[in-house]
Every structure is written in structure tokens, then in C-alpha cells.
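Worksheet for the structure shown next.
Values reported hereafter were calculated over all heavy atoms of this structure, with side chains retained and with hydrogens, waters and symmetry mates removed. Each chain gets a letter, A, B and so on, in the order the sequences are listed, and its residues count up from 1. Since this is a predicted model, take the numbers as computed values, not measurements.
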2 protein chains.
Amino acid sequence: MSKSEKTKENLLIAGQRLFWTRGFSNVSVREIAQAANVDVALISRYFGSKRGLFEATLEKLPAIDPEDFESAEQLVDAIVELFVTAPRRPGEASALTIILSNAGDPESSEPVREAFRRKWGEPMDRIIGDPAKSALMSAAMIGVSVAEKVLLLQGIAAPGDPAYEAQLRAMLEAALTFELVPAVELA
Amino acid sequence: MSKSEKTKENLLIAGQRLFWTRGFSNVSVREIAQAANVDVALISRYFGSKRGLFEATLEKLPAIDPEDFESAEQLVDAIVELFVTAPRRPGEASALTIILSNAGDPESSEPVREAFRRKWGEPMDRIIGDPAKSALMSAAMIGVSVAEKVLLLQGIAAPGDPAYEAQLRAMLEAALTFELVPAVELA
DNA sequence: TCAGCATGTCAACACCCGTTGACTTTTTTT
DNA sequence: AAAAAAAGTCAACGGGTGTTGACATGCTGA
């Protein structure tokens, strides 16, 4: 790897960590440069602009590959891994945090939305077949994440709790079989 | 109403509209002042600071009163009204949008979280009895809102669709009866 | 060795931010 | 009508923002 490739990589890693947790507008280029041990000017040089670096980090998001799945049920495991297990590994932020921390900013929410659609939304639609159920599963994951990370609600099992993953899995399966429109009758 | 009360009111209305839709850090005091036809300096004068105005707008959020409910089931109607019907009235932003558009900003997410807890979270806990189910209902509403407003997912019935409200109601009722930990068995 | 390119450094740019204090205007009270 | 209080105006402050271009340094091939 050439020298410049190495500094590009450093900027990407630092940008990823900061952008993904605090959102585009809440992180400054100088802060990223300092975290990457690199001069600020190099961000504009190598990525064109702050936004360019942001979009480059989005490219590093893991994606769902429809080829890997034969049934919708198999998807649940992958989603739990992608949205819950992986983010807990050191250095890997939650994909959902990105969505949330950029929700209010029109400039950054658009590339985030596009990345989500391309990397997860469309593959999930393809696997599940029904866009409504696919959307509902996304909604379930997002809802729990917001409740846990933003509102800091008690009651939902803590992420450290071994029951947490099972609970999310159950919610996803419920979403998968949830009868949409008209409303279901419940006891 | 005295003259100053009127301009305070104008600032609150403008701040409400802008803060609640675009988030604290994505709105400038000059923009609010212009929208309220008022000088910028008056924000600091009347509310102490930008943050002071922000917190003052949060006080105008509608609240849930436990006195009004005898059963958890009655709550579903109120939540749908509060989070779905009311925001569609002109000038009233969604309470959920506030949560989302401030999720990435540590400074503003704290007062938002506090307001949420005081106005909705605790009353809901009181009515439902089980904090886990209460949290799950919040999560359901949030998830659907993010899917609809942020990710712009297709598949979930559009807000204009008469089926939309019934669908949300069904989701809330499902959350209310959803068996948490251990995972439920589904067909 | 020296030219040429790649890479990194630095200071400055124009701009926007929230906040402040001195000032003028308007309203109310004496 | 004069004095006092309230309300509003304006310019400037220090500081942070992303971006740029001139310059210095490093490395590489002729």
C-alpha cells in the first residue's frame, strides 16, 4: 500500500468512527484529521470535500447479499448479526446509529438513505418478496434501537443480557408473519 | 397580552416549527428570528440562550395524563392520536421527529430524552404497568415513523391511506400482548 | 546528482455561529 | 409634558466551519 493510500485509509477509519456515531454535521473535519494523525487539508485533497469523505465511509457499510439466502427465515439471523452482534465488536458502530444521527440533516440523510436502500433495503425486499414485511422488519429493528440507544428506555432487555438477542429475533419473526391490513384481532 | 409576551410567543412558534422538524443543531438563531419577524438578540434576552428557547418549545409538547385512562387498551387510541393524527394537522410537527432529528446531538438529545420520559414514558409506564411492554409500544411507534419519514420505505401503507391508522393500531396492540423473553414460537 | 512527481504542511480565505453591550425607539407612569 | 421603564435595534465580538493555494519536504526514476 502506498503512503497516500495509507493516509486515505486512516481518514476513512477515523471518519467512519466519528461520522457513524455522532452524525455528519456534529463532526468537524479538523477533528477527523486529528484523530487520523493527518493534516486537515488532505481531506479535501483526497476526498474532494467533507461530504466526499462521508460518502466514502458509507461505502464501507456491510451489505446483504440475496445470493446467500434461500428463505426469508434465514434472514433473521443475518439481520441480528448485522445490526446487533457486529456493532458490539470494538470499532464497529451500529448501522442504525448512522441512520439516526443523520435524521435531521437534509444534506447527510440523503446519502444515508441511498446507502440503506442499496445495501439492505433492496436485498431484503428481494429475499422476502413482500416489501411491506421487509419494511416492517426494518421498522422493528429501528424502533428497538432508538428505544435502547436514544431514549435509554428501561424494560427492554439490556444488550448485555443473553435474552436480548432472543427477544429481537422474536420481534423480527413476529414482523415477518405479522398480518398487515386489515388489522389483526388480538386477545 | 403585553408586547413582549407576543414576541416571545412568536419566537416559540417559529422555534417550535423549525426545531421540531430539523433538530436543534440544524437550525440557527438568525433563521428563527427571521421566521418570527423579530431581532436575533431577543432570543438571548428572553430565553437566555438558543438552548433555552429549545427547551421552552419542548414544554409545549402534549403530554399523556394517566388520570384519563383506566386500561392499557385505551392507551392505543391516545397514542395514535398523539403520534399520528395530531402531527398531520397543519403546524403541528410529529413528536417523533423531534426525537429523531436530535438523536446525533449530545447537547440537544438530553433535554429531548428528559421531555419524552416526563411527558410520555412515565405516564405510559404507569398506565400499562409493565415497563417492558410500555417500552415496546414506544419502540413500535418509533420504528414505523423512522421507516416512513427517514428511510422513506415503500410497503408500509402511506399516511394518507385509511389502512395506515388501522395498521399502526394493530402493531401497538401486538406490542401490548407481545410475549417478551423467552422468545415466542411462531408458525 | 538532479529533475520531477508525490505527499504533507501551513496560513489564510470567506463565511456562519451564538452572544453581548451600547444605543434608539416606544410605551407607560408620574 | 417630563421622567422612567420596557422593548427593540444594531454592530461587533470571539470562535468555529469547510476549503484553498502557496510552499516545503520526501521519494523515485533518469
Side-chain angles (χ1 to χ4, degrees), chain A residues 1-58 98 101-102 104-112, chain B residues 1-58 98 101-102 104-112:
Chain A
M1 196 189 308
S2 69
K3 188 92 191 324
S4 66
E5 292 295 321
K6 179 62 185 163
T7 69
K8 276 202 234 181
E9 187 66 20
N10 286 342
L11 283 172
L12 270 174
I13 292 171
Q16 188 172 323
R17 184 169 53 84
L18 293 169
F19 279 144
W20 289 14
T21 50
R22 307 225 316 268
F24 178 75
S25 60
N26 291 319
V27 176
S28 74
V29 285
R30 284 176 173 82
E31 189 177 2
I32 297 171
Q34 187 173 9
N37 262 94
V38 151
D39 192 273
V40 211
L42 298 181
I43 291 177
S44 293
R45 159 140 26 199
Y46 288 131
F47 297 95
S49 64
K50 180 190 181 187
R51 163 137 182 191
L53 174 59
F54 179 65
E55 290 175 353
T57 66
L58 292 182
I98 308 172
S101 56
N102 290 287
D105 186 359
E107 184 184 0
S108 64
S109 64
E110 183 257 314
V112 169
Chain B
M1 198 192 306
S2 70
K3 188 93 191 324
S4 67
E5 292 295 321
K6 180 61 184 163
T7 70
K8 278 201 233 180
E9 187 67 18
N10 287 341
L11 283 172
L12 270 174
I13 292 171
Q16 189 171 323
R17 183 169 55 83
L18 294 169
F19 279 143
W20 289 14
T21 51
R22 307 225 314 269
F24 178 75
S25 61
N26 291 317
V27 176
S28 74
V29 285
R30 284 176 172 82
E31 189 177 0
I32 297 170
Q34 187 173 9
N37 262 95
V38 151
D39 192 274
V40 211
L42 298 181
I43 291 177
S44 293
R45 151 117 62 179
Y46 289 132
F47 297 94
S49 64
K50 180 191 183 186
R51 163 139 183 189
L53 173 59
F54 179 65
E55 290 175 353
T57 66
L58 291 182
I98 308 172
S101 56
N102 291 287
D105 186 359
E107 184 184 359
S108 63
S109 64
E110 183 258 314
V112 168

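In this structure, B:K6 atom NZ and C:dT26 atom C1' are separated by 18 Å, rounded to whole Å. Between the CG atom of B:N10 and the P atom of D:dA7 there is a distance of 14 Å, given to the nearest Å. In this structure, CD of B:E9 is placed 18 Å from C1' of D:dG8, rounded to the nearest angstrom. Whole-Å rounding puts the A:K8 NZ to C:dA6 P distance at 12 Å. One atom, CD of B:Q34, and another, P of D:dC10, lie 14 Å apart when rounded to the nearest Å. Note: CG (B:D39) to P (C:dC23) measures 17 Å, nearest angstrom. Residue B:Y46 contributes atom OH, which lies 11 Å from atom P of D:dA6 at whole-angstrom precision. B:I43 places its CD1 atom 17 Å from the C1' atom of C:dG21, with the value rounded to the nearest Å.
Judged by closest nucleotide on DNA chain C, A:N37 is the one of B:F24 and A:N37 placed further toward the 5' end.
Between A:T7 and C:dG8 there is a side-chain N or O to OP1 or OP2 distance below 4.0 Å. For the OP1/OP2 pair of C:dG18 and a distance below 4.0 Å, the side-chain nitrogens and oxygens of B:S44 include no atom meeting the criterion.
Minimum atom distance to the side chain of A:K50 is reached by D:dG18, of the listed C:dT19, C:dT7, D:dG18. Checking D:dA7, C:dG8, C:dG18 against every side-chain atom of B:V29, the shortest atom distance belongs to C:dG18. Checking C:dT9, D:dA7, C:dT7 against the side-chain heavy atoms of A:A41 singles out C:dT9 as nearest. Closest to the A:K3 side chain, of the nucleotides C:dT7, C:dT9, D:dA7, is C:dT7. When distances run from any side-chain atom of B:R30 to the nucleotides D:dG18, C:dC17, C:dT20, the shortest one goes to C:dC17.
As judged by a 4.0 angstrom heavy-atom cut-off over every strand, A:S28 is placed among residues touching the sugar-phosphate backbone only. Among the atoms of the strands shown, none is found under 4.0 Å from any heavy atom of A:F47.
Salt bridge annotation for A:K8-A:E5: present, with a cationic side-chain nitrogen under 4.0 angstrom from a carboxylate oxygen.
Contact annotation: side chain of A:R45 to base of C:dG8, donor-acceptor pair present below 3.5 Å.
Looking at heavy atoms from C-beta onward, B:D105 lies out of side-chain contact with B:N26 at the 4.5 angstrom threshold.
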A:F19 vs A:I32, test: side-chain contact (heavy atoms from CB on, under 4.5 Å). Steps then yes/no.
CA-CA 9 Å; A:F19 279 144; A:I32 297 171; 3.5 Å; yes
What do the steps show when you test B:V112 against B:F54 for side-chain contact (heavy atoms from CB on, under 4.5 Å), and what is the final call?
CA-CA 9 Å; B:V112 168; B:F54 179 65; 3.7 Å; yes
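Distance alone, capped at 3.5 Å, places no donor-acceptor pair between the A:S44 side chain and the A:A41 backbone.
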